[in-house]
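This report concerns only the one structure given below.
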Amino acid sequence: MPESRPETTIITTNSESETERLGVSLGCRIDKGLCISLVGALGSGKSVLVRGICKGLGVEEDVLSPTFILYEEYVGRVPVIHLDLYRLDHERDIEELGVWDRLGDGSVVLVEWGDRSVHLFGVSDIVINLEIIGDTERRIAVRSSSDCAGVLEGL
Amino acid sequence: MVVLGIETSCDDTSLALFSSERGIIADLTANQLIHEKYGGVVPEIASRAHIRNLLPVFSRLMAESGITEREIEGIGVSNGPGLIGSLLVGVSFAKALAFALDRPLVGVHHIEAHILANELGGESLETPAIVLVVSGGHTSLYRVETVGRYELVGNTRDDAAGEAFDKISKLLDLGFPGGPAVEKAASSGNPHAVEFPRAMLKQNNFDLSFSGLKTAVRLYVESLPALTPQVVSDVAASAQEAIVDVLVQKTIACAVHHRVSHVYLAGGVAANGELRGRLSAESEKLDITYHAPLLRYCTDNGAMVACAAARHLDMGRDDGLDLDVFARRPVTSWV
């Protein structure tokens with residue numbers, strides 16, 4: 001049996017719009033429900049990437065920061081759930097949002113500050129690490145589980 | 001008509017009794033200071049605190065008002081936008097009371113309530129007007145044709161201005177909520193010490209963006225060898241200047257474009273002294289009349305909900321016990 005191993009693609013973007021375009025192309029490749037965790041410091045471009053992914057998934061609405069209301073749902077080719085764990089410290093708070101019901105129901109769940117939930121992080125199909133390397137440059141590492149490797153092909 | 005207003009969309013449990021004839025009869029708010037520890041509103045904690053606070057706040061409000069429950073003629077409650085769990089607590093309470101007293105119940109859009117908070121000073125809203133709604137969760141420009149007719153003409157593309165204040169406050173270790181904390185630190189700082197970016201000013205629309213500012217502040221703070229109190233004040237003042245610059249210029253440009261002669265502020269960030277001062281001064285230069293809510297009615301409060309609900313109840317509206325809550329939606333027109 002072939003060994004199941006995560007695949008990682010590393011991309012450097014030089015501007016906000018490049019980061020957004022990367023998100024669009026990632027969003028276009030997604031054809032099923034999955035969970036994506038985004039990890040990176042304040043200002044590293046998580047929301048920008050999410051905006052792109054949502055566009056790629058066919059969301060027509062403006063995608064705003066959900067920091068305040070924590071949880072937002074959009075309609076794309078598939079339902080899209082946008083979560084922001086910035087304010088949350090406890091798994092219990094995340095559970096209260098009802099996110100667990102949306103994993104595996106065909107929705108794409110996008111989690112900013114995904115590393116703040118051990119559970120959500122653990123079940124993520126794709127983990128994206130964003131690193132600030134210059135004023136506008138970002139190093140973006142996209143790691144996917146083996147059954148989602150196709151999403152990254154040729155990215 | 002005597003109306004009870006209930007506001008639980010975020011972290012404040014706030015109730016008020018309002019009379020169409022006499023104005024505010026009584027209002028009372030329980031703040032959840034516990035969130036200071038977390039640097040933000042935690043939904044689980046917020047919902048539970050609303051449950052704990054609602055009945056005691058209601059009892060004290062009734063005692064202070066000197067009127068009886070039977071004298072309440074209608075009930076208004078914020079049913080969105082906001083935190084779903086928190087909204088549900090207020091709406092469930094409102095339904096129980098409406099059922100027990102056999103009174104009409106209306107759901108009030110939280111943003112319409114903020115806009116109408118401008119009437120709590122005793123003057124009717126002068127229209128047509130442009131209203132800048134600016135808070136922790138919202139940064140929008142509305143054209144108000146008349147009370148009940150709203151058009152969203154500009155919106156943030158990413159973060160709300162209040163959210164930018166919160167995040168910048170956290171970067172500078174100034175506490176929560178960020179608006180008042182940054183304003184206080186800024187009062188002893190130089191607003192021109194750092195030139196932070198003003199996003200979207202060159203764009204030919206009335207949309208705004210505050211995400212880039214937060215990033216710029218972060219990068220600047222990280223480039224410094226140490227954060228001395230003076231540097232913190234200077235960064236706070238410069239960041240506040242950038243936020244206020246964008247809000248004022250967009251609002252004024254919007255008012256000019258729409259040829260209105262009144263601009264209004266609404267929402268929690270409307271309490272910012274720099275924003276009030278600058279928008280007032282810039283409006284005056286163009287013969288536009290500037291208005292802002294009384295300071296105590298800028299943040300979330302039951303009085304604005306009661307005041308807005310009175311308008312709806314006057315039209316004979318009753319949402320009944322099927323009233324639902326929603327997390328996000330622009331204000332819809334109803335006349």
Side-chain angles (χ1 to χ4, degrees), chain A residues 15-17 19-20 23 40-52 54-55 59 61-75 81-99 101 112-113 116-117 130-138, chain B residues 9-11 35 37-48 80-87 135-140 152 155-160 162-164 166-168 170-171 176 197 199 207-223 268 326-328 330:
Chain A
S15 66
E16 192 178 315
S17 53
T19 302
E20 185 170 335
L42 209 61
S44 59
K46 296 182 294 299
S47 298
V48 173
L49 197 63
V50 165
R51 194 159 66 212
C54 287
K55 275 187 190 163
V59 173
E61 260 180 283
D62 287 337
V63 174
L64 307 179
S65 163
T67 296
F68 188 73
I69 58 166
L70 309 159
Y71 180 104
E72 184 76 76
E73 182 160 356
Y74 296 100
V75 182
I81 313 291
H82 183 192
L83 272 177
D84 187 332
L85 307 185
Y86 176 72
R87 292 185 193 279
L88 302 184
D89 295 320
H90 302 288
E91 293 285 345
R92 204 181 54 180
D93 295 324
I94 296 158
E95 198 172 320
E96 203 216 38
L97 292 172
V99 186
D101 306 340
E112 293 195 44
W113 299 94
R116 297 203 173 185
S117 162
L130 297 97
E131 214 180 309
I132 301 177
I133 51 175
D135 279 1
T136 57
E137 282 170 282
R138 301 290 184 269
Chain B
S9 63
C10 187
D11 57 343
H35 297 307
K37 192 176 130 218
Y38 295 93
V41 178
V42 183
E44 165 89 6
I45 294 172
S47 312
R48 282 169 198 275
L83 302 168
I84 291 296
S86 293
L87 289 164
S135 67
H138 309 274
T139 300
S140 316
L152 182 67
N155 205 0
T156 180
R157 292 275 178 90
D158 38 56
D159 299 359
E163 182 182 342
D166 282 343
K167 286 181 171 167
I168 288 163
K170 200 162 188 182
L171 287 170
F176 179 85
D207 285 343
L208 307 100
S209 161
F210 294 100
S211 174
L213 172 64
K214 158 195 82 192
T215 309
V217 172
R218 185 202 157 88
L219 291 171
Y220 181 76
V221 166
E222 282 180 350
S223 73
F326 58 91
R328 184 179 270 167

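Computed over heavy atoms, backbone and side chain alike; hydrogens, waters and symmetry mates excluded. Keep in mind the model is a prediction, meaning the values are calculated, not measured. The chains referred to below are lettered A, B, ... by the order of the sequence lines, with proteins before strands, and numbering in each begins at 1.
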Next item on the list: Start with the C-alpha distance between Leu42(A) and Lys170(B), add both sets of side-chain angles, then the distance that settles side chain to side chain contact (heavy atoms under 4.5 Å, CB included), and finish with yes or no.
Entry: CA-CA 10 Å; Leu42(A) 209 61; Lys170(B) 200 162 188 182; 5.9 Å; no
Item checked: Distance, nearest 0.5 Å, that separates OG of Ser65(A) from NZ of Lys167(B) -> 4.5 Å
Item checked: Spacing of Tyr86(A) atom OH and Glu163(B) atom CD [to the nearest 0.5 Å] ->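 Separation between the atoms: 8.5 Å.
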Item checked: Per-residue contact mode, Val63(A) against chain B (heavy atom under 4.5 angstrom) ->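 Interface part for Val63(A): backbone (N, CA, C, O).
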Next item on the list: Could you look at Glu16(A) and say if it's the side chain, the backbone, both or neither that has a heavy atom under 4.5 Å from chain B?
Entry: neither
Check: Taking only residues two or more places apart in sequence, or in another chain, which ones meet Leu130(A) in a side-chain contact (heavy atoms from CB on, under 4.5 Å)?
Finding: Leu38(A), Ser44(A), Lys46(A), Leu49(A), Ile128(A), Ile140(A)
Minimum heavy-atom distance [X]-[Y], with the two atoms named:
X: Arg157(B); Y: Arg51(A); answer: O-NH1, 3.7 Å
X: Leu64(A); Y: Thr156(B); answer: CD2-O, 3.0 Å
X: Leu219(B); Y: Asp135(A); answer: CD1-O, 3.8 Å

Checklist line | Interface moiety of Ile84(B) toward chain A, non-hydrogen atoms closer than 4.5 Å | finding: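 For Ile84(B), there is no contact with chain A at all, as no heavy atom is under 4.5 Å.
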Note to self: Taking side chain to side chain donor-acceptor pair (under 3.5 Å) as the definition, give me every residue that meets it alongside Arg138(A), ordered by chain and number, with sequence neighbours left out.
What the structure shows: none
